[in-house]
Every structure is written in C-alpha cells, then in structure tokens.
Amino acid sequence: MQYCEKRAWLCLFRQAMLFIAGFMLIFGAAQAEAAGFAERAGSMSEIKAVRVSSSADKTRIVLDGTKETSYKVSILSNPQRIVVDIQNAWISPDLKKSTTIDSRFAKSVRIAQHDTSTVRVVVESSMGKNNYKVFPLKGGSTAYRIVMDFGSLGGSSSGAAIDFNPQPKPKDEDKGTASGSGTAGGTGEGTAIGGSTGGTGSNTGSGKETVTKGEPVFTPGLKGKIIALDAGHGGSDVGAIGPTGVTEKGVTLRVATELQKRLVKEGATVLMTRSTDTEVSPKKAKASDIEELQARCDVGNDKNADIFISLHMDSFTNSSPSGTTGYYYVNGSKAGQRLAKELSEGIVSALGTGNRGIKSCNFYVVKHTTMPAALIEMAFISNDKEERLMNSDEGVKKAAEGLVNGLISFFG
C-alpha cells in the first residue's frame with residue numbers, strides 16, 4: 001500500500017515537473033518572440049494615427065507613420081473596398097482600429113495588423129479608379145504619411161479624370177510620355193481641389209486655358225459622319241462596381257459596341273477608342289492617367305472626328321441615386337452642350353431613367369478633344385435596378401437606341 005502511494009506521488013511529481021518545464025519553454029519562446037518583435041519594430045514604421053477629414057468635394061484619410069515604407073493597393077468587391085497593405089509596419093497599441101465616415105465618398109476605414117510585418121487598411125468606398133488616389137508624403141512634423149483621397153466633384157462619382165494641370169497635346173515623337181496624374185492626389189495636405197466627375201486633383205501650376213471650341217456646321221443625318229466612341233475605363237481600370245459585381249468597364253464596352261453596329265448601318269464611320277477589355281494607351285496599365293486619357297482623345301483628334309462621345313456609368317456610396325446625366329466642357333462650343341443634352345435625353349426616353357440634366361465640367365476627354373464632345377453617365381451602377389437594367393441585353397440595346405435617336409436629333 002505504501003509502495004503504491006509513493007509511486008502515485010512520484011507520478012504526480014513528474015507530471016508537475018513536466019508542466020513547469022513546458023511552461024518555461026513556452027514562456028521563454030514568448031519572451032524570445034517579444035524580444036524579436038521589439039528588435040524588428042525598431043526598423044519598422046509605427047502607424048501612430050489615422051486622421052479623417054471630409055468636405056463637399058472629397059474625403060481624405062491620412063495615416064501617420066514613423067518611417068518611410070512601401071505599400072500595395074488593391075480592390076475587393078461585394079461590397080467594394082479599397083485595400084492598402086503597408087509593408088514593414090506595425091500598429092501603435094493606442095490606435096483606434098475602426099472609424100465610421102459620414103461622407104458620400106467613403107463609409108468607413110478599418111486598420112489591422114494583417115501579419116507580423118504588414119498593416120492592412122480597408123476603406124469601404126464605391127469610388128472607381130479615377131475617383132481615388134493613394135500617395136505618400138515625407139517630411140514635416142510627421143516623418144511619413146500615406147494619404148488616401150476619395151473625391152467626386154461636379155455632382156458625380158465616376159467618369160473621366162479631371163484635367164487639373166492643363167498640358168499641351170504632345171508632339172508625335174513625344175506621345176505616351178506626358179507626365180502628370182489625372183486622379184485625386186497632389187503634393188500635400190490642404191491642396192486646393194479642382195472639380196469634375198472623375199476625381200480630385202491639385203490646382204497647382206499654371207497653364208494656358210483651352211480656347212473655346214468653334215461652332216461647327218453639320219449636314220443633316222448620320223450618313224458620312226465620323227463619330228468617335230469612347231467606352232469608359234477598361235483593362236486594369238474597372239471603373240465603378242455595382243452591388244452584384246457588374247463593372248463599369250464592361251457595361252460601357254457593351255453599349256459602345258452595340259452603338260457602333262447601329263451607327264455603321266446608318267452610314268456613319270465609327271472610331272472606337274477600345275473594342276476589347278484593355279487600356280487605350282500603348283503603355284497599357286503602366287500609363288499615367290493623363291497618358292491614358294490623351295490616347296483616347298487622340299483617337300478622335302487624329303482622324304478629325306465630327307463628334308466625340310465618352311460613355312460611363314455613375315456610382316454613389318448608397319443605392320438610392322439614379323438617372324442619366326450629360327456633361328460638356330465648360331469653355332467648349334454650344335454644339336458640345338447641345339450634344340450632351342440630346343444624348344442624355346435620348347437615353348432617358350429609351351431606358352426610362354430619371355433625367356438629371358446636363359452639367360458643365362472640366363473632364364479631360366471633353367476638354368482636350370478638338371470637336372464637340374460629351375460625357376454621358378448613362379445610369380447608376382450602384383443602383384440595384386439600374387445595374388440589372390444595364391447588365392441586360394435589353395438595357396444595352398435600349399441605351400444604344402437612345403443614343404442613336406439623340407444623335408439624329410443633334411445632327412437634325
């Protein structure tokens with residue numbers, strides 16, 4: 001009996017020793033890991049603050065870091081989110097991890113330690129590529145900042161990037177090398193914002209304003225007319241995304257292709273900026289926004305098109321807004337204004353969408369074309385009903401029919 005009791009105590013003692021030894025190993029490993037993280041953290045950027053500000057023109061999110069670092073930007077859908085993965089970084093323990101944003105450009109921003117060396121920032125926003133910009137800032141009271149701008153001036157939230165720094169059309173030998181950016185951004189916080197549908201941008205620098213386009217005289221009918229059709233976005237630029245994942249670039253190409261068929265039957269010559277899911281610039285995804293937009297303008301300019309039409313889908317942070325809007329260059333010809341009116345009214349009549357009217361703008365593609373030009377936001381891809389409509393064969397055909405009717409009215 002005593003032998004059994006001694007053996008039982010011996011077993012308990014051994015188990016206790018094994019438990020203590022295991023605990024010490026785990027504790028030691030934890031201490032080593034903590035020491036290793038502390039050592040790594042010294043060479044990493046500490047994200048110490050997330051600051052959000054909104055105005056009628058844009059929402060700006062600023063991430064304050066202690067060191068310069070790299071980051072990657074990606075898009076997730078359903079719902080659409082802009083994701084920024086900050087490399088070689090860690091989150092300050094006191095940092096607020098989630099912020100609700102009272103803005104039509106973004107709903108919320110969340111930040112988390114994605115892995116031991118990556119901080120992930122997620123912004124819930126339906127803005128397309130030309131409506132947001134992520135860029136770094138160095139110097140000042142904060143060693144390093146990553147700025148995320150979301151904006152849509154002029155009452156819309158998708159479309160073509162604005163021309164915030166007027167530039168002359170490049171010479172033939174210089175095409176594809178123009179510098180600059182047509183999307184939100186700039187060189188510092190507090191930069192003045194210039195407005196249009198396609199995004200925000202700094203109004204810095206000087207440039208000669210484009211002169212008012214002359215008033216053309218057209219013969220009646222579509223036969224013999226040269227019409228440039230620009231299916232908005234394409235390739236790496238998906239544009240806005242609808243509630244079920246329908247992309248703006250897909251809808252605009254379908255409508256442009258159907259419209260091309262109908263116009264050719266009427267005897268018109270149609271110049272397509274793109275006929276497939278691709279960028280227009282020879283540089284493809286590597287092109288700057290201005291290079292891409294200028295390439296679209298060149299399609300019409302180089303062949304002396306009679307008119308230029310850029311097709312887009314509108315978007316908003318909720319599903320309520322709906323309808324069709326026409327845009328024309330603020331300093332352009334009266335013909336451009338009339339073109340926007342006839343085209344948008346043609347779509348409204350064919351699709352039964354609400355008429356949001358026509359508005360002046362400073363969009364690059366209507367400013368840097370040499371003929372009457374209009375940008376048409378056919379419907380809201382963020383609206384459930386209009387997304388379904390424009391993703392259907394019937395909706396695509398009706399939109400094309402409305403545009404043809406609008407052109408017939410325009411040419412008289």
### Message
Could you go through Phe410 and Phe218, starting from their C-alpha distance and side-chain angles, then the distance that decides it, and tell me whether this counts as ring-ring contact (aromatic ring centres under 6.0 Å, His included)?
### Response
CA-CA 9 Å; Phe410 172 76; Phe218 296 113; 5.7 Å; yes

### Task
Start with the C-alpha distance between Glu386 and Ile381, add both sets of side-chain angles, then the distance that settles side-chain contact (heavy atoms from CB on, under 4.5 Å), and finish with yes or no.
CA-CA 6 Å; Glu386 293 189 351; Ile381 201 169; over 6 Å; no

### Message
Determine whether Leu351 and Val348 satisfy the following criterion, side-chain contact (heavy atoms from CB on, under 4.5 Å), listing intermediate values before the conclusion.
### Response
CA-CA 5 Å; Leu351 287 178; Val348 169; over 6 Å; no

### Task
Under the side-chain contact (heavy atoms from CB on, under 4.5 Å) rule, what do Phe308 and Leu271 come out as? Steps first, then yes or no, please.
CA-CA 9 Å; Phe308 185 97; Leu271 309 173; over 6 Å; no

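Looking only at distances, a side-chain donor or acceptor of Asn301 sits under 3.5 Å from a matching main-chain atom of His368. Distance alone, capped at 3.5 Å, is enough to place a donor-acceptor pair between the Glu248 side chain and the Met313 backbone. Distance alone, capped at 3.5 Å, is enough to place a donor-acceptor pair between the Ser344 side chain and the Lys341 backbone.
Nearest heavy atoms, Ile227 versus Leu222: CD1-CD2, 4.4 Å. When all heavy atoms are compared, the tightest approach of Gly326 to Ile376 is CA-CD1, 3.9 Å. The heavy-atom pair separating Gly300 from Ala228 by the smallest distance is CA-CB, 3.9 Å. Looking at every heavy atom in both residues, Val396 comes nearest to Met390 through CG2-O, 3.7 Å. Considering every non-hydrogen atom in both Ala89 and Gln113, the closest pair reads O-NE2, 3.1 Å.
With a 4.5 Å cut-off on side-chain heavy atoms, Val122 and Val84 do not count as touching. Contact annotation: the side chain of Tyr327 never approaches that of Ser360 to less than 4.5 Å [non-hydrogen atoms, C-beta and beyond]. Counting heavy atoms from C-beta on, the side chains of Ile146 and Ile86 come closer than 4.5 Å. With contacts defined as side-chain heavy-atom distances shorter than 4.5 Å, the pair Val251/Leu311 does not qualify. With contacts defined as side-chain heavy-atom distances shorter than 4.5 Å, the pair Leu339/Tyr328 does not qualify. In this structure, the side chains of Phe316 and Ser382 come closer than 4.5 Å at one or more pairs of heavy atoms. Residues Met272 and Thr257 form a side-chain contact, since some pair of their non-hydrogen atoms from C-beta on lies under 4.5 Å apart. Contact of the Tyr329 side chain with the Cys361 side chain is not registered, since no non-hydrogen atoms from C-beta on lie closer than 4.5 Å.
The number of heavy-atom neighbours closer than 6.0 Å to NZ of Lys97, taken from other residues, nucleotides and ligands shown, is above 12.
When only modelled atom types and interatomic distance are considered, Ser117 and Gln87 share no side-chain donor-acceptor pair under 3.5 Å. There is no side-chain donor-acceptor pair under 3.5 Å between Thr324 and Glu377. If you check the side chains of Lys225 and Thr219, you find a donor sitting under 3.5 Å from an acceptor. Side-chain contact check for Ser45 and Thr69: no donor-acceptor pair (N or O, by modelled atom type) lies under 3.5 Å. Looking at Lys284 and Thr278, their side chains do bring a donor and an acceptor atom within 3.5 Å of each other. For Glu46 and Ser92, the side-chain atoms include at least one donor-acceptor pair closer than 3.5 Å. For Asp85 and Thr118, the side-chain atoms include no donor-acceptor pair closer than 3.5 Å. In this model, no donor atom of one side chain and acceptor atom of the other lie less than 3.5 Å apart for Glu387 and Asn391.
Atom CG of Leu389 is separated from atom CD of Glu394 by 7.5 Å, given to the nearest 0.5 angstrom.
Classification of Lys397 and Glu401 as a salt-bridged pair fails, no side-chain N sitting under 4.0 Å from a carboxylate O. Using a 4.0 Å cut-off between a side-chain N of Lys or Arg and a carboxylate O of Asp or Glu, Lys283 and Glu291 qualify as a salt bridge. A salt bridge links Arg60 with Asp149: the distance from a Lys NZ or Arg NE/NH1/NH2 to an Asp or Glu carboxylate oxygen falls below 4.0 Å.
Screening Arg262, Arg254, Gln260 against Glu258 for a side chain to side chain donor-acceptor pair (under 3.5 Å) leaves a single residue, Arg262. Each of Lys249, Arg296, Arg274 was evaluated against Asp230; a single residue qualifies, Arg296, per the salt bridge (charged side-chain N to carboxylate O under 4.0 Å, His left out) test.
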